[in-house]
Each structure stands twice: as C-alpha cells, then as structure tokens.
Amino acid sequence: MLAKAHQEKFAICQFNINNLEWTRYILEECQKNNAPVILGVSSGAAKYMGGFLTVVSLVKGLLHDLKISIPVILHLDHGGSFEECQKAIDAGFTSVMIDASQYDIAKNIAITKSVVDYAYPKVTVEAEVGHIGGEEDSVISDIYYATVDDAKRIVEDTKIDMLAPALGSVHGLYQGEPNLNFERMKEINDLLNMPLVLHGGSGIYDEQIKKAISLGICKINVNTDLQIAWSTAVRDFLNNNDDVYDPRKIIKAGERSMKKVIHEKLLLTGSINKA
Ligand code: 13P
C-alpha cells in the first residue's frame with residue numbers, strides 16, 4: 001500500500017480510531033471513496049476500548065459485516081516499548097509504530113531494531129526520529145527537528161518500512177503557525193527515497209500538505225480534526241435537543257461532520273480511487 005503511494009505520489013490517511021462508531025464512519029467513507037486507509041490506534045485508545053484484542057475483533061467484525069473491500073491496515077500509533085508492540089502484533093495488528101524518540105539515537109535504533117526483528121516479515125514498522133511536539137509546545141525549537149544523519153542511521157540499521165522524521169508538526173492544535181522544515185524533508189527524501197510519515201496532520205494548511213506529499217510524505221496522520229468535527233456536531237445536537245437520551249442518536253449526531261472531514265482529507269491527499 002505504501003510502496004504504491006510512494007511511487008504514485010499520493011498519501012494514505014491514517015485516521016485514529018476511538019470507538020466502534022469512529023471505526024465504522026471511517027471505513028464507510030473510505031469504502032465509498034475507494035480509498036485505502038490506515039486505522040491508527042494509540043495505546044490510550046486501545047486501553048479505552050478494552051485492549052488490543054478487542055480492537056482487532058472490532059475491526060475484523062466491521063470489515064466483514066460492512067463488506068469492506070478497500071485495503072485496511074490496523075496500526076499501533078506511538079507504541080511506547082518493544083513489549084507494547086509485541087502485544088499489538090500478537091493480537092493481530094498488521095502494522096506498528098515504535099516511538100523510542102525520547103531516547104538518544106543509539107537506544108532508539110536498538111529498540112526499533114528489536115521491534116523490526118519481531119515484526120518482520122508479516123507486520124510493517126514505523127519509527128520516529130527527532131521529536132514531534134504536542135499542543136503544549138508553543139515553540140518548536142531546533143532540537144525537535146530530525147537530523148538527516150539520524151534519519152539515515154535508523155533506516156540503514158533497522159530496515160524499517162516507514163520513517164516519521166519530526167520536522168515541525170505537532171499533535172493537536174497549533175499555537176501559531178505550523179513551521180515545517182521542507183528543506184530538511186527534501187534532503188531526507190532525496191537520500192532515503194522511502195515512505196515518510198507526517199504526524200500531526202490536523203491544522204496544517206492544504207498547500208503545505210501537498211508540498212509534503214511532493215517531498216516523499218505518503219502517510220498522513222489525522223486525529224484532532226476528526227475529534228473537533230465530531231464533538232462540535234454532538235455539542236450542537238445536545239444543545240438543541242434537550243429531550244434526547246438515546247446514546248445511539250447522540251453519538252450519531254457527529255457522523256456527517258466526521259465523514260465530511262474524512263472526505264476532504266482523502267481529496268487533499270489524492271487517495272480517492274487508489275484502493
Ligand atoms: P493530530 O491529532 O494533530 O491530527 O495528529 C495525529 C497524529 O499524528 C497521530 O499520530
């Protein structure tokens with residue numbers, strides 16, 4: 001899936017899932033648009049849903065019952081340790097991210113390599129170099145940005161399938177303007193010529209997303225934009241419908257807004273009809 005995206009210069013969306021309804025809305029909208037998709041599951045979301053096995057069963061059930069035929073990858077987002085990645089793989093995840101970016105590059109490489117050795121050849125592995133900030137980071141300082149040297153080392157030493165180099169994007173809402181280092185992105189892409197991942201895909205301008213895709217980004221992670229679309233619609237629905245108490249009606253109030261954002265992201269990343 002990623003090799004095709006890399007070759008044809010489009011990006012596959014990773015949409016993070018939080019519950020059954022989110023998973024369903026994402027799968028339905030991607031199926032409707034004939035777009036391949038990556039379902040991202042953070043460890044927090046996996047715990048929230050009951051555990052890795054529950055998530056795998058939930059996704060498998062929906063793929064079957066909704067007759068989903070597009071390619072779907074179930075991916076652990078920001079796996080915090082070898083053990084966590086191992087548990088996700090054993091439960092049936094088809095892809096994992098090991099995020100050991102808080103350690104020095106040697107330790108990051110060692111941990112990442114242990115995950116690749118366990119995952120290969122059935123499960124794909126993503127790793128991070130540099131440090132992707134959060135919305136608490138008002139200033140993304142230079143030390144957050146991945147270096148070309150670290151990117152080269154981790155890829156050569158571990159043979160990961162995808163690399164997430166931190167280049168100025170943040171998870172959650174931006175405080176101020178997104179400041180992506182496209183020059184560094186180009187250098188890394190020219191040198192490594194492999195699938196690169198852009199985290200923090202919410203709140204980045206469309207033109208920046210397009211430029212990133214032209215520079216080798218072929219997986220874009222989106223979570224916050226869906227959360228905002230869903231919660232805004234549900235809040236509005238509750239404010240206007242005092243008498244409704246059926247949870248199905250309340251949760252479903254966010255469906256249309258979420259699917260609209262999903263469609264916009266698929267359009268922007270060029271993944272429509274790429275299944
Ligand atoms: P956003 O929440 O900013 O869209 O980031 C999602 C992400 O990168 C998940 O890994």
Side-chain angles (χ1 to χ4, degrees), residues 2 11-19 22-23 25-26 29-30 37-49 55 73-80 84-85 88 93-102 112 115 124-138 140 144-146 160-180 185 195-206 208-209 212-213 217-232 254 257-266 268-269 271:
L2 283 158
I12 295 168
C13 292
Q14 172 187 307
F15 295 117
N16 283 54
I17 60 172
N18 291 292
N19 58 23
W22 280 54
T23 314
Y25 303 157
I26 293 164
E29 190 60 23
C30 291
V37 69
I38 298 171
L39 301 175
V41 185
S42 66
S43 21
K47 270 194 205 112
Y48 171 81
M49 287 187 263
V55 176
I73 286 178
L74 181 57
H75 177 82
L76 173 66
D77 192 25
H78 292 282
E84 196 168 65
C85 292
F93 275 58
T94 47
S95 183
V96 293
M97 173 188 190
I98 171 69
D99 179 359
S101 63
Q102 75 271 33
T112 300
V115 174
T124 49
V125 179
E126 172 184 340
E128 174 176 328
V129 284
H131 176 69
I132 296 161
E135 56 189 22
E136 67 284 0
D137 295 306
S138 50
I140 304 298
Y144 278 36
Y145 288 80
I160 45 171
D161 304 278
M162 329 158 232
L163 175 70
L167 292 168
S169 60
V170 304
H171 295 119
L173 298 173
Y174 284 82
Q175 302 198 24
E177 298 290 303
N179 186 16
L180 297 181
M185 198 181 283
L196 300 178
V197 182
L198 181 67
H199 282 248
S202 302
I204 298 181
Y205 300 119
D206 289 2
Q208 294 179 313
I209 296 273
I213 294 172
I217 295 288
C218 56
K219 171 174 177 276
I220 294 185
N221 294 3
V222 178
N223 188 21
T224 303
D225 277 348
L226 294 189
Q227 294 187 336
I228 291 173
W230 181 84
S231 56
T232 306
S257 309
M258 242 185 92
K259 284 185 168 174
K260 185 168 174 282
V261 174
I262 294 166
H263 179 73
E264 286 164 3
K265 300 288 177 191
L266 297 178
L268 178 62
T269 53
S271 59

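For ligands, and for the atoms within them, numbers begin at 1 and follow the listed sequence. FYI, the numbering just counts along the sequence from 1.
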| task | Mind jotting down which protein residues get a heavy-atom contact under 4.0 Å with ligand 1? Chain and number order, please. | result |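 Residues near ligand 1: Asn16, Asp77, His78, Val170, His171, Gly172, His199, Gly200, Gly201, Ser202, Asn221, Val222, Asn223, Thr224.
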
| So which heavy atom on Met258 is nearest to which on Tyr25, and how close? |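 Smallest interatomic distance, heavy atoms only, reads SD-CD1, 3.8 Å.
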
| Val41 and side-chain contact (heavy atoms from CB on, under 4.5 Å): which partner among Thr23, Ile17, Asn18, Asp77? | Ile17

Keeping [X] on the side-chain end and [Y] on the backbone end, is there a donor-acceptor pair under 3.5 Å?
| X | Y | value |
| --- | --- | --- |
| Ser202 | Asp225 | yes |
| Gln208 | Tyr205 | yes |
| Thr269 | Leu266 | yes |

| Parallel under 30°, tilted from 30 to 60°, perpendicular over 60°: which one fits the rings of Tyr144 and His131? |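 Rings of Tyr144 and His131: perpendicular, as their planes differ by over 60°.
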
